[in-house]
Amino acid sequence: MEEEPTREEKIGLYDKLVASHTEAVRKGDTMPYTSLNGHMYSYFTRDSFMALKLPEVERLKFLDHYKTTLVQQYGIVQKEYVRVPDSLLQNTAELKLYFDMSYSYTATLKPKPTSKKKS
(Lines give C-alpha, C1' and ligand atoms only; values in the text may rest on other atoms or scores of the structure.)
Protein backbone atom coordinates (compact mmCIF):
# COMPACT_ATOMS: atom_id res chain seq x y z
CA MET A 1 0.00 0.00 0.00
CA GLU A 2 1.37 3.41 -0.99
CA GLU A 3 1.83 6.13 1.58
CA GLU A 4 -0.31 9.19 1.14
CA PRO A 5 1.75 12.21 0.06
CA THR A 6 2.42 14.84 2.72
CA ARG A 7 0.88 18.31 2.53
CA GLU A 8 4.24 19.68 1.35
CA GLU A 9 4.48 17.03 -1.38
CA LYS A 10 0.93 17.81 -2.52
CA ILE A 11 1.70 21.54 -2.64
CA GLY A 12 4.79 20.67 -4.69
CA LEU A 13 2.55 18.78 -7.13
CA TYR A 14 0.14 21.76 -7.22
CA ASP A 15 3.06 24.10 -7.95
CA LYS A 16 4.24 21.77 -10.74
CA LEU A 17 0.74 21.87 -12.25
CA VAL A 18 0.53 25.67 -12.08
CA ALA A 19 4.01 25.94 -13.66
CA SER A 20 2.79 23.78 -16.57
CA HIS A 21 0.50 26.61 -17.73
CA THR A 22 2.42 29.60 -19.08
CA GLU A 23 -0.22 32.19 -18.11
CA ALA A 24 -1.03 30.87 -14.63
CA VAL A 25 0.49 32.53 -11.58
CA ARG A 26 0.57 30.88 -8.17
CA LYS A 27 -0.43 33.25 -5.39
CA GLY A 28 -0.87 32.88 -1.65
CA ASP A 29 1.58 31.69 0.97
CA THR A 30 -0.49 29.71 3.46
CA MET A 31 -3.26 28.85 0.98
CA PRO A 32 -1.83 28.56 -2.55
CA TYR A 33 -4.24 29.60 -5.29
CA THR A 34 -4.56 30.87 -8.85
CA SER A 35 -6.86 33.62 -10.04
CA LEU A 36 -7.66 35.48 -13.23
CA ASN A 37 -9.51 38.80 -13.51
CA GLY A 38 -10.44 38.60 -9.83
CA HIS A 39 -11.83 35.04 -10.06
CA MET A 40 -10.07 32.25 -8.19
CA TYR A 41 -10.01 29.10 -10.34
CA SER A 42 -7.88 26.72 -8.30
CA TYR A 43 -6.63 26.53 -4.76
CA PHE A 44 -5.06 24.21 -2.26
CA THR A 45 -7.13 23.90 0.90
CA ARG A 46 -6.12 23.84 4.55
CA ASP A 47 -7.49 20.28 4.50
CA SER A 48 -4.70 19.37 2.04
CA PHE A 49 -6.61 18.85 -1.18
CA MET A 50 -6.82 20.77 -4.44
CA ALA A 51 -10.03 22.48 -5.54
CA LEU A 52 -10.62 23.30 -9.20
CA LYS A 53 -13.31 25.48 -10.80
CA LEU A 54 -14.89 23.91 -13.88
CA PRO A 55 -17.75 24.82 -16.23
CA GLU A 56 -20.98 22.93 -15.51
CA VAL A 57 -20.85 20.22 -18.22
CA GLU A 58 -17.20 19.39 -17.58
CA ARG A 59 -17.73 19.57 -13.81
CA LEU A 60 -20.47 16.91 -14.01
CA LYS A 61 -18.27 14.67 -16.18
CA PHE A 62 -15.33 15.15 -13.79
CA LEU A 63 -17.43 14.28 -10.72
CA ASP A 64 -18.66 11.10 -12.37
CA HIS A 65 -15.35 10.01 -13.93
CA TYR A 66 -13.20 10.56 -10.83
CA LYS A 67 -15.90 9.59 -8.28
CA THR A 68 -15.30 12.78 -6.33
CA THR A 69 -17.43 15.56 -4.85
CA LEU A 70 -18.02 19.27 -4.97
CA VAL A 71 -15.84 21.21 -2.56
CA GLN A 72 -17.22 21.99 0.87
CA GLN A 73 -15.40 24.65 2.87
CA TYR A 74 -16.55 26.35 6.06
CA GLY A 75 -19.89 24.51 5.88
CA ILE A 76 -20.67 25.81 2.38
CA VAL A 77 -20.78 23.73 -0.80
CA GLN A 78 -18.87 25.56 -3.50
CA LYS A 79 -20.99 24.59 -6.50
CA GLU A 80 -18.39 25.40 -9.19
CA TYR A 81 -15.44 23.65 -7.53
CA VAL A 82 -14.56 19.96 -7.65
CA ARG A 83 -12.33 18.18 -5.19
CA VAL A 84 -9.30 16.83 -7.09
CA PRO A 85 -8.47 13.28 -5.95
CA ASP A 86 -4.86 12.85 -4.75
CA SER A 87 -4.32 10.18 -7.42
CA LEU A 88 -5.13 12.76 -10.12
CA LEU A 89 -3.02 15.46 -8.43
CA GLN A 90 -0.09 13.07 -8.81
CA ASN A 91 -0.74 12.81 -12.57
CA THR A 92 0.20 16.28 -13.83
CA ALA A 93 -0.27 15.41 -17.52
CA GLU A 94 -3.86 14.23 -17.02
CA LEU A 95 -4.79 16.99 -14.55
CA LYS A 96 -3.30 19.68 -16.82
CA LEU A 97 -6.20 19.16 -19.26
CA TYR A 98 -8.65 20.17 -16.53
CA PHE A 99 -6.44 22.96 -15.20
CA ASP A 100 -6.20 24.45 -18.72
CA MET A 101 -9.97 24.07 -19.07
CA SER A 102 -10.44 25.86 -15.75
CA TYR A 103 -8.22 28.74 -16.88
CA SER A 104 -10.08 29.05 -20.20
CA TYR A 105 -13.46 28.95 -18.46
CA THR A 106 -12.42 31.61 -15.94
CA ALA A 107 -11.15 33.81 -18.78
CA THR A 108 -14.76 33.96 -20.12
CA LEU A 109 -16.12 35.36 -16.83
CA LYS A 110 -16.71 39.07 -16.40
CA PRO A 111 -13.73 40.59 -14.54
CA LYS A 112 -14.40 41.44 -10.91
CA PRO A 113 -13.58 44.99 -9.85
CA THR A 114 -10.49 45.16 -7.69
CA SER A 115 -10.93 46.00 -4.04
CA LYS A 116 -7.31 46.97 -3.47
CA LYS A 117 -6.67 50.65 -3.00
CA LYS A 118 -4.06 52.12 -5.28
CA SER A 119 -1.17 53.73 -3.47
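Since we're looking at a predicted model, the values are computed, not measured.
To the nearest 0.5 Å, the span separating OG on Ser104 from CD on Glu23 amounts to 9.5 Å. Separation of atoms CD (Glu56) and NZ (Lys61) is listed at 12.0 Å; rounding is to 0.5 Å. Atom-to-atom distance recorded for Lys96:NZ and Asp100:CG is 3.5 Å, nearest 0.5 angstrom.
Across every non-hydrogen atom of Asp86 and Glu4, the tightest pair is OD2-OE2, 3.7 Å. Considering every non-hydrogen atom in both Lys112 and Gly38, the closest pair reads CD-O, 3.2 Å. Closest non-hydrogen pair, Arg83 versus Thr68, comes out as O-OG1, 2.7 Å.
Around the CZ atom of Arg46, the shell of radius 6.0 Å holds no more than 12 heavy atoms that belong to other residues, nucleotides or ligands. Under a cut-off of 6.0 angstrom, the local environment of NZ in Lys16 is sparse, with at most 12 non-hydrogen atoms contributed by other residues, nucleotides or ligands.
In this structure, Tyr66 has its ring center closer than 6.0 angstrom to the ring center of Tyr98. Between Tyr41 and Phe99, the gap from one ring centroid to the other is short of 6.0 Å.
A donor-acceptor contact under 3.5 angstrom links the side chains of Tyr43 and Gln78, judged on distance only. Side chains of Tyr14 and Ser42: a donor-acceptor N/O pair is present below 3.5 angstrom, by distance only. A donor-acceptor pair shorter than 3.5 Å can be found between the side chains of Lys27 and Ser35. Using a 3.5 Å distance cut-off with no hydrogens or angles, the side chains of Glu80 and Tyr105 do pair a donor with an acceptor.
Within the 4.5 Å cutoff, the side chain of Val84 has heavy atoms near those of the Leu95 side chain. When side chains are defined from C-beta on, Leu89 counts as touching Phe44, because their heavy atoms get closer than 4.5 Å. Between Leu88 and Phe62, the closest side-chain pair of non-hydrogen atoms falls below 4.5 Å. Contact of the Thr34 side chain with the Leu36 side chain is not registered, since no non-hydrogen atoms from C-beta on lie closer than 4.5 Å. For the pair Tyr81/Leu70, no side-chain contact is recorded, criterion being any heavy-atom separation below 4.5 Å from C-beta on. Counting heavy atoms from C-beta outward, Arg7 and Asp47 have side chains that stay 4.5 Å or more apart.
The cluster map of Ile, Leu, Val, Met, Phe, Trp and Tyr, joined by side-chain heavy atoms under 4.5 Å apart, puts Met50 and Val77 in the same cluster. By the criterion of side-chain heavy atoms lying less than 4.5 angstrom apart, applied directly or through intervening Ile, Leu, Val, Met, Phe, Trp or Tyr residues, Val71 is grouped together with Met31 in one hydrophobic cluster.
In this structure, the side chain of Ser102 engages the main chain of Lys53 through a donor-acceptor pair within 3.5 Å. Distance alone, capped at 3.5 Å, is enough to place a donor-acceptor pair between the Glu9 side chain and the Thr6 backbone. At least one donor-acceptor pair closer than 3.5 Å links the side chain of Arg26 to the backbone N or O of Gly28. Remark: the backbone N or O of Lys110 is paired with a side-chain donor or acceptor of His39 at under 3.5 angstrom. Under a 3.5 Å cut-off, the side chain of Lys10 and the backbone N or O of Ser48 do form a donor-acceptor pair.
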